[in-house]
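Counting convention: from 1, in listed order, for ligands and their atoms alike. What you are looking at is a predicted structure, and each value in this text was computed from that prediction instead of being measured.
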Amino acid sequence: MTTTTQPTAAASGAGATARFKADKSAGAAGASNERVDLLAREVLGAVHNTIRKHKVTYAEYNAVKAWLIKVGEDGEWPLFLDVWIEHVVEDVATEHRKGNKGTIEGPYYVPGSPDSGSSGTIPMRENEAGTPLIWTGRVTSTDGSVLAGARVELWHADDDGLYSQFAPEIPEWNLRGTFTTDAEGRFEIRTVRPAPYQIPTDGACGQLIAAAGWHAWRPAHLHVKVSAPGHELLTAQLYFPNDEHNDDDIASAVKPELILDPQPGPDGASQVVEYGFVLDPESV
Ligand code: DHB
Ligand code: FE
């Protein structure tokens, strides 16, 4: 462990909100009146049914109202949505795929990470803590053809479970890099194993977790976006065997096919792992 300051819910929430607005909110007006009418009525109807079924009291209604206000004040809507809702959107969005289906993006992706070649080391601090990991893989299309020049964007938490640009005192692009496959579709990435990640507990999401008696942990994970011309973008996470939270991830984002099988490396200190990706061609 290094000694870095833990991010507060308000600070990481504000960062995640700003990131979302910069990247995605421009495309957010894309639903017809009919869809909004249908979906809003069904969601509200489900809430009304829950209130009737469980005879929700005014005290409980006011507690929820206060909590929803606090989610906004803490800037935790991105966190709340990505932890408790996104996994179902992702399932629906990728159910047609014949290649890798992937999993949630989460709130901490930043586009434009440094170019790290087809075989290279992700940006990291001198003496970055954590077990070194050498990850090799290949990117192919569903028809088996090799995808040369595919991009593998990798971002992950450090050995303290913290993300650069969302926790203080970490260099800007630490543990964020963009790799490109070679003529055989291969890449080789040198990084370190991330630690399990705890969602911020001092804000509204932490309050919900404590009030419900849940835990705040996600298993250790590597985030990737894999892209190639003419193919659907794959957003995924990779996990490590025997992590105690693989079976009860707070974000429900673990799938068995996303668990890596790292082996001890030749030098005894590092681990090696082989894992590749199969992309679906874009439908025309
Ligand atoms: C959250 C953080 C993550 O790193 C992730 O992968 C998913 C969700 C969160 O804090 O909401
Ligand atoms: Fe994450």
Just to be sure I understand the site: which N, O or S atoms from the protein are less than 2.8 Å away from the Fe ion (ligand 2)? Tyr163 OH, His221 NE2, His223 NE2
Say whether Glu128 and Asn174, considering side chains only, have a donor N or O and an acceptor N or O under 3.5 Å apart. yes
Taking atom types as modelled, find out whether Thr136 and Glu188 have a side-chain donor-acceptor pair closer than 3.5 angstrom. no
Atom pair CG/OG1 of Asn100 and Thr235 - distance to nearest 0.5 Å: 11.5 Å
One should read off an interatomic distance between Cys205 SG and Lys70 NZ, to the nearest 0.5 angstrom, of 10.0 Å
Parallel, tilted or perpendicular for Tyr108 and Phe166, by the 30°/60° rule? tilted
Would you confirm whether the ring centroid of Phe179 sits within less than 6.0 angstrom of the ring centroid of Trp135? no
Donor-acceptor side-chain pairing of Tyr163 and Gln165 below 3.5 angstrom: no
Side-chain heavy atoms under 4.5 angstrom apart, residues restricted to Ile, Leu, Val, Met, Phe, Trp, Tyr: same cluster for Tyr239 and Ile199? no
How are the rings of Tyr58 and Tyr61 set relative to one another: parallel (under 30°), tilted (30 to 60°) or perpendicular (over 60°)? perpendicular
Starting from the N and O atoms of ligand 1, find every protein N or O within less than 3.5 Å and list the pair with its distance.
residue: ligand 1; atom: 4 (O); partner: Tyr163; partner atom: OH; Å: 2.9
residue: ligand 1; atom: 4 (O); partner: His221; partner atom: NE2; Å: 3.4
residue: ligand 1; atom: 6 (O); partner: Arg218; partner atom: NH1; Å: 2.7
residue: ligand 1; atom: 6 (O); partner: His221; partner atom: NE2; Å: 3.2
residue: ligand 1; atom: 6 (O); partner: His223; partner atom: NE2; Å: 3.1
residue: ligand 1; atom: 10 (O); partner: Tyr197; partner atom: OH; Å: 2.9

